[in-house]
Participant: 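Structure below; questions to follow.
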There are 2 protein chains.
Amino acid sequence: MKSATLMQVAERAGVSTATVARVLKAKGYVSEEARARVEAAVKAIGYRPNAMARGLRQRRSFTIGHMLDAIIVNPFFVNVAHWAEEEALDHGYKTFLFNHNGLAERERIGIERFIERRVDAVLFTNAVSTENVRLLAAAGIPALQLERSRTPAAPAIRVDNTVGALQAMAHLAGLGHRRIAFIGGDPELIGRGDTAGPTVEDERLAAYGAGLAAAGLAFDPALLRLGKYYSLSESGSGSEGYRHTRALLALPERPSAIFATCDILAAGALQAIYEAGLRVPDDISVIGFDDTLAANLTPQLTTVAQPMEELGRIGFRAVLSAIETGTWPDQPLLPSRLVQRRSTGPAPT
Amino acid sequence: MKSATLMQVAERAGVSTATVARVLKAKGYVSEEARARVEAAVKAIGYRPNAMARGLRQRRSFTIGHMLDAIIVNPFFVNVAHWAEEEALDHGYKTFLFNHNGLAERERIGIERFIERRVDAVLFTNAVSTENVRLLAAAGIPALQLERSRTPAAPAIRVDNTVGALQAMAHLAGLGHRRIAFIGGDPELIGRGDTAGPTVEDERLAAYGAGLAAAGLAFDPALLRLGKYYSLSESGSGSEGYRHTRALLALPERPSAIFATCDILAAGALQAIYEAGLRVPDDISVIGFDDTLAANLTPQLTTVAQPMEELGRIGFRAVLSAIETGTWPDQPLLPSRLVQRRSTGPAPT
DNA sequence: TTGTATGCGTTATCAG
DNA sequence: CTGATAACGCATACAA
């Protein structure tokens, strides 16, 4: 038994479809009596508006597309997608997800799907190719980047990586650490994109340097390990962090603290340290970034939290504004912040 | 600039809309010449079919709903959702996600949204209320449960929990463990649902007992810890496992191995053990369930893997069959299996 | 306060 | 092989 139509409701209530529409949308004048009859009819036959018909007529699908990097490898993406969806729900919207896994070709396919579905806007967490993003502009669909800007072809709500990273460094320095290693994304490897200015990786790396300087610590290139966050093909997604940490522990003078710019990297670091028979934080402290895996790791990880809920919610509200008014609200720089748990402690003496 | 319409393509190609439709759907006779002209026009104006119009006309949205428990707390759900989506993509479908967080009321709202969107079918991972699921039947929408059956109101593709759990127990027993603890979901607390027969929790618990018996080990009630998998309100989602493990370690004669029926529980167990200054697997072995967090934990967790990709893919194909032919294919019982990593080792002597 | 009529962009059914 | 034309279910401009 397929759902009833508005016309059937009208018939049953003995009014016109226009009247039914008026009570359903709660706009326009309707007599109390007609309203009651319509409501009774709606209930009686279990009427539910057909979103496709509505969308076709209104030229609005009440749907947005959310382009993600790789939802099953990094929980960061799940989280922002979740909160964007939650906010969307509050506004009568639904979101479509699509994972490009870092591949421009996949991203293109996803965007084409979004266009066919006539999404009212799309969120990128994150974008891959400027050319692809322009496809949306060409179709008249607003697009917004979340967390990082990879292309000038769409506005972005970015995160202030510096503030949290600086807190992390100050925390470590305050604990007496003098040899602090850094495991992070290589600005060149991660993909700088087409946006001018420092990338997320540049910022985190710069904050490491600034944190060192602020604490009066010298920079030691041996303590700097740059690479990818994870490789999609490898199981044990923390393997990059694991490898870097093994190298760090093999140093003649090993670090007493490691600042990893991703919880996944930190997870691998924790494994390497454990395997070496060292204890966290007694022998070595570890800080991560994102606050995704953190609370599940052993020991619970001190990490720089990203504002995932704000990113999702504010991001959705921003595109909603673009949809409804054609204008973008101010794009705030959302702060990251240090969350202390149990993986950091005083430097060993 | 909004996307062009089929009619505009027709005009530009100098043919009727019917002809355009024929070349687009690759069915019906079209002369080579007409086809070429249409294809050129499509390319020229960047035409993309409007899925809403198509859906309205065909009474099919090429969309399915996927009802999930709580995507941000348990990666298990992300994974099956991801693979179902992936399979859907291969068949021209998109999925809508909705998290009910274990609440029947939320589930009802989600289902209503799905109905309004006119999804062609819905997947439950997992269902909460029979009454809600019946809403779909009333609307003529096929529904399928994945991983576990909570209601007789829809068919289910379930997982064979026994096989993997038995492997886990045999693995532990083979390693010489004689005091094996069990931390699992309480069959009563988790929600038995309305389906007759043993629940997932019953099965895992039974396998524990059977594994003990097979190894000639006595059952010790002190080693049995039943509760919830996690509480949604608590950060550090492994806290349930942490608490149970603390209790276990405080026993006069503590276990040398713990079998936790969820990686999240195992993550908490690992934290408690670490905090107690014990080493895994030297002092105590741990096995989890699901294979979600496993590879990221310290040490990498031996766990009973659930067939998440198969669940998603086979699940989608099953509903597709229901949509297209009105019949359900055979529902296989998908096997779980032990994945050995580094958290299990010989029992200490 | 209410009803009529039209069109949103497709697909499908007919004739031709 | 091709072209009119009529729905699909709803929203809205316009009349009444």
Side-chain angles (χ1 to χ4, degrees), chain A residues 1-39 41-42 45-63 92 115-120 139-141, chain B residues 1-39 41-42 45-63 92 115-120 139-141:
Chain A
M1 176 221 323
K2 289 295 175 191
S3 257
T5 71
L6 189 150
M7 207 169 358
Q8 291 167 28
V9 173
E11 272 176 30
R12 195 171 216 281
V15 298
S16 73
T17 59
T19 299
V20 176
R22 275 187 282 263
V23 350
L24 256 40
K25 311 222 70 178
K27 64 185 287 195
Y29 300 95
V30 184
S31 69
E32 267 319 309
E33 199 228 325
R35 174 185 314 282
R37 289 226 308 283
V38 168
E39 279 166 355
V42 164
I45 63 185
Y47 169 73
R48 302 218 171 279
N50 180 325
M52 289 186 293
R54 174 178 295 192
L56 180 59
R57 178 60 228 246
Q58 302 194 144
R59 281 90 170 284
R60 253 176 99 172
S61 62
F62 292 94
T63 282
I115 295 178
E116 287 170 5
R117 297 285 176 170
R118 295 299 188 271
V119 298
D120 297 332
I141 301 173
Chain B
M1 177 219 325
K2 290 296 175 192
S3 259
T5 71
L6 188 152
M7 205 167 2
Q8 289 166 29
V9 172
E11 271 176 31
R12 195 171 216 281
V15 297
S16 73
T17 59
T19 299
V20 176
R22 274 187 282 261
V23 353
L24 257 40
K25 311 223 72 179
K27 66 183 286 195
Y29 300 96
V30 184
S31 68
E32 266 319 308
E33 199 228 326
R35 175 187 312 282
R37 291 225 307 284
V38 168
E39 279 166 355
V42 164
I45 62 184
Y47 168 75
R48 302 216 172 281
N50 181 326
M52 290 186 292
R54 184 191 304 234
L56 179 58
R57 180 58 229 243
Q58 301 195 146
R59 282 93 167 285
R60 250 176 103 171
S61 63
F62 292 94
T63 280
I115 295 177
E116 287 171 4
R117 297 284 177 170
R118 296 297 189 271
V119 298
D120 298 331
I141 300 174

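For the numbers below, each heavy atom of this structure counts, side chains included, while hydrogens, waters and symmetry mates do not.
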Participant: Closest to the B:Leu56 side chain: C:dG9, D:dC10, C:dG3?
Facilitator: C:dG9
Participant: Which nucleotide wins on minimum distance to the side chain of A:Arg57, given the candidates D:dT2, D:dG9, C:dT2?
Facilitator: D:dG9
Participant: For A:Glu32 and B:Leu6, take the nucleotide of DNA chain C holding the closest heavy atom to each; which residue's nucleotide lies nearer the 5' end?
Facilitator: A:Glu32
Participant: Does any N or O in the side chain of A:Arg118 come within less than 3.5 Å of the main-chain N or O of A:Ile115, such that one atom is a donor and the other an acceptor?
Facilitator: yes
Participant: So if I take every side-chain heavy atom of A:Ser31 and compare against D:dA11, D:dG9, C:dT2, which nucleotide ends up nearest?
Facilitator: C:dT2
Participant: What is the distance from atom OH of A:Tyr47 to atom CE of A:Met7, rounded to the nearest 0.5 Å?
Facilitator: 10.5 Å
Participant: Nearest 0.5 angstrom please: B:Ser31 OG to B:Arg37 CZ, how far?
Facilitator: 7.5 Å
Participant: Between D:dG9 atom P and B:Arg117 atom CZ, what is the distance in whole Å?
Facilitator: 18 Å
Participant: Is A:Arg59 close enough to C:dC8 that one of its side-chain N or O atoms is under 4.0 Å from OP1 or OP2 there?
Facilitator: no
Participant: Mind calculating the distance between CG (B:Leu24) and C1' (D:dT2) to the nearest angstrom?
Facilitator: 16 Å
Participant: What's the closest nucleotide to the B:Thr5 side chain, out of C:dT10, D:dG9, C:dT11?
Facilitator: C:dT10
Participant: Measure the distance from OH on A:Tyr29 to P on D:dC14 and round it to the nearest whole Å.
Facilitator: 18 Å
Participant: Round to a whole Å and report the spacing from CE of B:Met52 to C1' of C:dT11.
Facilitator: 16 Å
Participant: As an exercise, state the distance from OG1 of B:Thr17 to CD of B:Glu11, rounded to the nearest 0.5 Å.
Facilitator: 10.5 Å
Participant: A:Asn50 CG to D:dA11 C1': how many Å, rounded?
Facilitator: 13 Å
Participant: Indicate whether OP1 or OP2 belonging to C:dG3 is found under 4.0 Å from a side-chain N or O atom of A:Thr17.
Facilitator: no
Participant: Main chain of B:Arg48, side chain of B:Ser3: is a donor-acceptor contact present, judged purely on distance under 3.5 Å?
Facilitator: no
Participant: What is the distance, to the nearest angstrom, from the CE atom on B:Met7 to the P atom on C:dT11?
Facilitator: 13 Å
Participant: Can you tell which of D:dA11, D:dG3, D:dC1 lies closest to the side chain of B:Ala18?
Facilitator: D:dG3
Participant: Going by modelled atom types, is there a donor-acceptor pair between the base of C:dG3 and the side chain of A:Arg22 at under 3.5 Å?
Facilitator: yes
Participant: Take B:Arg118 and B:Val15, find for each the nucleotide of DNA chain D with the closest heavy atom, and name the residue whose nucleotide sits nearer the 5' end.
Facilitator: B:Val15
Participant: Within the structure, does a side-chain N or O atom of B:Tyr47 lie under 4.0 Å from either OP1 or OP2 of C:dT10?
Facilitator: yes
Participant: Could you check A:Thr19 against A:Ala53 and say which one's nearest nucleotide on DNA chain C is further toward the 5' end?
Facilitator: A:Thr19
Participant: When we call it a touch if two heavy atoms are under 4.0 Å apart, what does A:Arg60 touch: a base, just sugar-phosphate, or nothing?
Facilitator: nothing
Participant: With nearest nucleotide decided by heavy atoms, which residue, A:Ala21 or B:Arg35, maps closer to the 5′ end of DNA chain D?
Facilitator: B:Arg35
